[in-house]
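No hydrogens, no waters, no symmetry mates; every other heavy atom, side chains included, goes into these values. Numbered from 1 within each chain, the chains take letters A, B, ... in sequence-line order.
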Amino acid sequence: MRLGRISLTAFTWLVAILFVFPVIWMVLTSFKTEADAYTDPPKLFFTPTLEQFAGVFERGFLPYLANSGFVTLISTLAVLLLAIPASYALSISPVKGTSNVLGFFLSTKMLPIVAAIIPLYVISQNLQLLDNVWALIILYTAMNLPLAIWMMRSFFLEVPKEMIEAARVDGAKLPTLLYRVVLPVVAPGIAATALICVIFSWTEFFYAVNLSAARAGTVPVFLSGFITSEGLYWAQLSAAALLASLPVMIIGWIAQNHLVRGLSMGAVK
Amino acid sequence: MAEVVYAGASRIYSGSTPVKAVDQLDLSIADGEFLVLVGPSGSGKSTALRMVAGLEDVDEGEIRIGDRAVTDLPPKDRDIAMVFQSYALYPHMSVAENMGFALKLRGMSKEKVRAKVDEAAAMLDLTKYLDRKPKALSGGQRQRVAMGRAIVREPSVFLMDEPLSNLDAKLRVETRANIAALQRRLSTTTIYVTHDQVEAMTMGDRVAVLKDGLLQQCASPRELYDRPANTFVAGFIGSPAMNLAKLPLSEAGVTLGGFTVPLDRDVLARAGELSEVVVGVRPESLRLVGDGEDGFDLVVELVEELGADAYVHGNAGEGQRIVVRVDGRTPPRLGEKVRVGLRELGELHVFDPQSTKSIAQSSQPQ
Ligand SMILES: Nc1ncnc2c1ncn2[C@@H]1O[C@H](COP(=O)(O)OP(=O)(O)OP(=O)(O)O)[C@@H](O)[C@H]1O
Ligand SMILES: [Mg+2]
């Protein structure tokens with residue numbers, strides 16, 4: 001019994017370290033000089049330096065960061081704006097075709113994006129949206145919308161029907177009902193959905209690398225720049241990767257409580 | 001203040017086999033009356049109530065509140081307030097906000113809302129809790145907030161769907177009395193759904209009994225108990241239920257286990273050609289008698305002791321189960337054979353076995 005618990009704890013630690021190790025390695029490497037980063041065996045003790053971070057900004061990191069921020073913010077807002085009414089309708093006042101509509105939303109996620117990239121490229125070109133942040137905003141919104149609707153629908157389904165009826169009897173019209181009664185109750189779920197949209201948009205690479213370049217490039221595109229040009233710069237790449245993941249980590253940390261509550265709220269029925 | 005009228009109102013749930021949850025209900029509830037809707041689970045009580053609220057479509061007929069036909073009006077335009085079984089409080093609002101929400105939506109000024117909420121809170125003993133969120137309240141307090149939310153609106157009709165079913169037994173008794181007193185004080189027309197016998201008998205001016213969406217009888221509690229219109233009402237109202245037995249009928253009366261009870265001449269006349277009738281007798285109308293006296297034999301199978309009284313369940317032969325109320329101090333033993341007689345002849349109810357309707361009382365409506 002006791003032995004079992006100890007070995008379980010040890011196993012948990014092992015798995016946790018296995019998962020966190022690459023991240024720790026990335027953090028360590030980002031504070032090394034390129035020379036330290038290349039030693040074999042790897043150095044655990046070294047004089048930390050910030051020169052890699054300076055190097056990242058010298059390479060023009062900021063415009064990419066701005067693009068990522070803008071695209072993520074606008075597409076997430078657009079997703080919320082569309083998904084909230086959609087999931088409300090699909091959960092609280094369902095009609096005959098509701099399940100078909102839900103299936104249709106999901107089906108849009110079934111096509112591998114590689115299969116759609118050439119038409120998307122041509123369309124973007126014709127609309128003069130190549131290397132334009134708005135192309136990414138539209139695509140990310142479309143990409144996250146089905147998932148967001150499915151997620152939020154599960155949260156809306158948790159809202160007690162009688163509470164909505166009570167509000168209707170109390171005299172609430174649809175907008176009041178939605179914004180003053182239903183939304184406050186599902187707020188944690190909405191926060192969770194928004195966070196997932198932020199993460200997906202922030203880390204999206206395939207559309208970004210194919211449809212944008214220097215002007216509209218996002219952080220993942222910037223990171224890939226390290227690999228293709230003059231060889232590999234491990235330390236600087238690590239510094240850039242750390243900078244790229246920081247915003248998501250911070251938002252995730254702030255939203256942690258909401259996220260856990262939100263996710264379990266939908267899951268536990 | 002207003003009367004409520006169901007005029008042939010039906011609610012039909014469409015589907016592969018359409019369900020008539022409420023079937024051509026004709027019922028009017030007078031201004032200021034407290035009407036209790038009872039019936040077994042699934043009999044359409046909630047549906048009937050929700051039709052008045054506007055939360056359920058009316059597929060046939062009409063609903064009127066006061067002199068307005070409200071059949072097609074949304075809930076907010078009906079001037080009703082509803083108390084839900086789950087209370088359905090707004091979890092993100094304080095008690096005061098919960099109670100004042102409807103008034104605020106009407107555009108009433110903040111001070112006036114506050115005044116009304118304070119007044120209702122004082123009435124319900126909620127003043128201390130006005131700033132709390134519902135999750136920080138006990139079940140009984142939540143129930144009172146739900147009541148308060150209905151009261152502050154000063155509606156013309158209160159609708160309550162099993163508002164006490166989530167309370168423990170003691171609190172339920174207390175709250176039952178409070179609601180009845182409050183309703184009398186405000187004299188607001190009230191429709192109250194319950195499946196609790198005691199609530200039905202003690203709270204309502206009148207009780208309407210539903211079964212499968214059909215109104216069985218609507219009368220005062222006393223009338224319902226003393227003169228049930230059919231075997232369903234007879235068996236449903238009263239606990240333990242009335243004993244019902246199909247017995248052969250002759251000129252002399254009805255016979256059970258060699259015991260013949262004479263019937264009134266006009267009851268016999270109304271029974272006409274029937275060779276059998278359903279006879280009902282309440283457990284308290286029976287008594288244990290001495291060996292030589294008129295009565296039938298009963299083999300005791302179960303004794304429920306309730307303190308003052310005891311209920312003796314037994315078999316009267318031919319599989320006929322009978323319940324008798326006896327003195328709690330000297331109940332018979334299990335397996336014992338006792339003799340059971342009637343307290344008074346007039347306490348027999350006689351029903352037509354085909355239509356199940358009462359034939360014992362000529363004064364019965366329907
Ligand atoms: N949405 C629905 N679709 C189809 N049938 C329904 C629907 N809602 C209720 N019913 C049916 O209508 C009938 C009446 O339901 P209702 O909820 O009014 O019963 P009730 O008397 O309130 O029962 P309870 O005491 O269990 O609350 C039931 O047979 C039920 O199955
Ligand atoms: Mg019900």
With a cut-off of 6.0 Å (strictly less than), are more than 12 heavy atoms of other residues, nucleotides or ligands near CG of B:Asp67?
-> no

Can you establish whether the number of heavy atoms outside A:Tyr179 located under 6.0 Å from its atom OH is more than 12?
-> no

CG-CG distance between A:Asp170 and B:Asn98, expressed to the nearest 0.5 angstrom = 8.5 Å

Could you tell me which portion of B:Ala146 (side chain, backbone, both or neither) has an atom closer than 4.5 angstrom to a non-hydrogen atom of chain A?
-> neither

In terms of heavy-atom contacts, B:Ala88 and A:Ala166 come closest through O-CB, 3.9 Å

Does B:His92 use its side chain to pair, donor to acceptor, with the backbone of A:Val182 at less than 3.5 Å?
-> no

Option in A:Lys161, A:Arg180, A:Glu165, A:Met163 with maximal non-hydrogen atom pairs under 4.5 Å from chain B = A:Glu165

Please state whether the side chain, the backbone, both or neither of B:Leu89 comes within less than 4.5 Å of a heavy atom of chain A.
-> backbone

To the nearest 0.5 angstrom, please state how far the OG1 atom of A:Thr176 sits from the NZ atom of B:Lys76.
-> 9.5 Å

After noting the C-alpha distance and the side-chain angles of A:Val169 and B:Arg78, does the key distance pass the side-chain contact (heavy atoms from CB on, under 4.5 Å) rule?
-> CA-CA 9 Å; A:Val169 171; B:Arg78 295 190 179 202; over 6 Å; no

Identify which part of B:Leu105 has an atom lying under 4.5 Å from any heavy atom of chain A, answering side chain, backbone, both or neither.
-> side chain

Is it the case that more than 12 heavy atoms not belonging to A:Phe104 sit under 6.0 Å from its CZ atom?
-> no

Please look at B:Arg106 and chain A and tell me whether the side chain, the backbone, both or neither of the residue comes under 4.5 angstrom of a heavy atom of that chain.
-> neither

Check whether more than 12 heavy atoms from other residues, nucleotides or ligands sit under 6.0 Å from atom NZ of B:Lys112, and answer yes or no.
-> no

Please assess B:Phe101 against A:Val181 for the test side-chain contact (heavy atoms from CB on, under 4.5 Å), listing each intermediate value before the final yes or no.
-> CA-CA 10 Å; B:Phe101 188 58; A:Val181 178; 3.7 Å; yes

Side-chain (A:Glu162) to main-chain (B:Ser86) donor-acceptor, under 3.5 angstrom = yes

